[in-house]
2 protein chains.
Amino acid sequence: MTEHCSHSDLTSCTQPSSEQVAIFLQQAADLCDKRNLRFTRLRKQVLELVCRAEQPVGAYHLLDELKQSGRSAAPPTVYRALDFLLEQGLVHRLSTNNTYLACAHPQHPHGAVFLVCSECGHTQEVHNEGVNDELDRQAKQFDFAIQHAAVEVTGLCSRCRGS
Amino acid sequence: MTEHCSHSDLTSCTQPSSEQVAIFLQQAADLCDKRNLRFTRLRKQVLELVCRAEQPVGAYHLLDELKQSGRSAAPPTVYRALDFLLEQGLVHRLSTNNTYLACAHPQHPHGAVFLVCSECGHTQEVHNEGVNDELDRQAKQFDFAIQHAAVEVTGLCSRCRGS
DNA sequence: CTATGTTATGTTATAATATAACATTATTTG
DNA sequence: CAAATAATGTTATATTATAACATAACATAG
C-alpha cells in the first residue's frame, strides 16, 4: 500500500505509516460494509500484511507471516483472502512476478500502470489516462471488451540506476 | 505466430499457413546466423510448435508435443529452448496466463500489446505507439529505465462477445 | 584431424505457485 | 432455533519453473 499524492500523474509515493495503514484498513472495512461483504479477521490480517510490506509480496511469504502470527494457515487460506481482496479492488496482483500489493486508490476501479524495479523490487503504481485511452481505442477497433488490463513495466528504478 | 497485415495499427490477423510457418522459420534461421547463434534442431522444433499453435501455448503442452514427436524431453528441454527464443525476440511470453506465442514482428524489438480472450484464448498481438510513448514518458518522469513492458489486456474477443 | 574449450542437451530431483475437494465452523436469516 | 449460506480448516495434488550435474555436439587452435 502506498499513499496517494498530487503529482501531475496520480501516483503512490511513500511507504505507509502505521497510521496510514490504519486509515486504509478502515476504508476497506467501510467499503465492505457498503457492499454487504464480510471484512473478516483473516481478510483484514492479510490486507494489513500486504499494506505493511515495503514491496509487493508473494502468497507464500504472506502464508509464512500468517503462521508466525499464530494462526493456522495453509495455501488456500491466503489465496482465498487474496482472491477476495482482488475482487474488491483492494489489492493488485503483478503477474510478471507473482506478487501482491495494496491498491493505492481503492475508491474507484481503474487501470493502473506498475513500474517494477528488477533490481530491488520496488514498485510504483501509476495512473495514466493516456495508456487507458489508447488501450480502449485499440480494443474498440477489434471489437474487444476489456475485462482487465495488466500493464507491468519492468526496469531499473531511479535508486538502482544510480548505484 | 501470426501474419503481419496493413491495418492502421500494425497487427497480426491470420493463422499461419504451412508456407508462412516455413518462411518464419527461415527468417529465424537467418536472424540466428546473423547473430552467430545456433538455430539447433530443438530450437527450431519448439519454434515451429509455437508457430503452428492456434493460440498461445503452455510450456508443458509443448513438452508433451516434443515427447510425442519421439524426442526425449523434460521440462528443462522446453524451457531452455523457450528462453533462447525469448531472448532473440522470436517468441513472447504472456505472464497473465503463462503461455508462449510466436512474435509477429521478429525483425525489430518493440513493445507489444496483447489482447487475450478470456473465453477462447485467442490472442492478438498489436503494436501501439501511443502506449509505448506514454509509458516512455511516464518512465522518464520517474527516472525509470524500462527493460520490458508487459501490456496484456484480458477480455472478450469479437467472436466470443457475439455468441 | 584431434585435443580442448565451449555451448547445448539429457536427466533427475525439487522449488515455487496455485487449486481441488471435502470437512468444519461461523454467520445470517427465516 | 433451524436451515441455509458463507467462510475457514485441512489434506492432497496440480501446474509452472529451476537447480544441479552428466553427457553430447560443435567450434577452433594447434
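Any value given below was found using the heavy atoms of this structure, including those in side chains, with hydrogens, waters and symmetry copies removed. So you know, we letter chains A, B, ... as the sequences are listed, proteins then strands, and number each from 1. Computed from a predicted structure; not experimentally measured.
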May I have the distance from Gln88(A) (atom CD) to dA6(D) (atom P), rounded to whole angstrom?
-> 14 Å
How is Tyr100(A) classified with respect to the nucleic acid when contacts are heavy atoms under 4.0 Å: base, sugar-phosphate, or nothing?
-> sugar-phosphate
Among dT18(D), dG10(C), dA17(D), find the nucleotide with the atom closest to the side chain of Pro76(B).
-> dT18(D)
Heavy atoms under 4.0 Å, any strand shown: does Arg80(B) hit a base, just sugar-phosphate, or nothing?
-> base
Do Leu31(B) and Leu42(B) share a hydrophobic cluster (ILVMFWY, side-chain heavy atoms under 4.5 Å, transitive)?
-> no
Full working for ring pair (Phe, Tyr, Trp, His ring centres under 6.0 Å) between Phe114(B) and His92(B) | CA-CA 10 Å; Phe114(B) 298 95; His92(B) 297 289; 5.0 Å; yes
Between Glu152(A) and Ser95(B), a side-chain donor and acceptor under 3.5 Å | no
Can you check whether any acceptor in the base of dG9(D) is under 3.5 Å from a donor in the side chain of Arg71(A), or vice versa?
-> no
Starting from C1' on dT6(C), measure out to CG on Asn36(B) and report it in whole angstrom.
-> 14 Å
OP1 or OP2 of dT10(D) under 4.0 Å from side-chain N/O of Ser72(A) = yes
Distance in angstrom units between Tyr79(B) OH and dA17(D) P, rounded = 4 Å
Starting at CG of Leu66(A) and ending at C1' of dT10(D), how long is that distance when rounded to a whole Å?
-> 15 Å
Under 3.5 Å, is there a donor-acceptor pair linking the side chains of Gln26(B) and Asp30(B)?
-> yes
To the nearest Å, how far apart are Asp64(B) CG and dA14(D) P?
-> 14 Å
Quick note, Thr40(B) side chain, CB onward, closest among dT9(C), dT7(C), dT17(C) is dT9(C)
With rounding to the nearest 0.5 Å, note down the distance linking CG in Leu82(B) to CG in Leu90(B).
-> 11.5 Å
Take the protein atom NZ of Lys44(B) and the nucleotide atom C1' of dT9(C), then report the distance between them rounded to whole Å.
-> 18 Å
Taking for each residue the nucleotide of DNA chain C with the nearest heavy atom, is it Arg38(B) or Asn98(A) whose nucleotide lies nearer the 5' end?
-> Arg38(B)
With distance as the sole criterion, do the side chain of Tyr60(B) and the base of dA14(D) form a donor-acceptor contact below 3.5 Å?
-> no
Spacing of Phe84(B) atom CZ relative to dT18(D) atom C1', expressed in whole Å | 20 Å
Take the protein atom CG of Asn97(B) and the nucleotide atom C1' of dT19(C), then report the distance between them rounded to whole Å.
-> 17 Å
At under 4.0 Å, does any side-chain N or O of Arg43(B) touch on OP1 or OP2 of dT9(C)?
-> yes
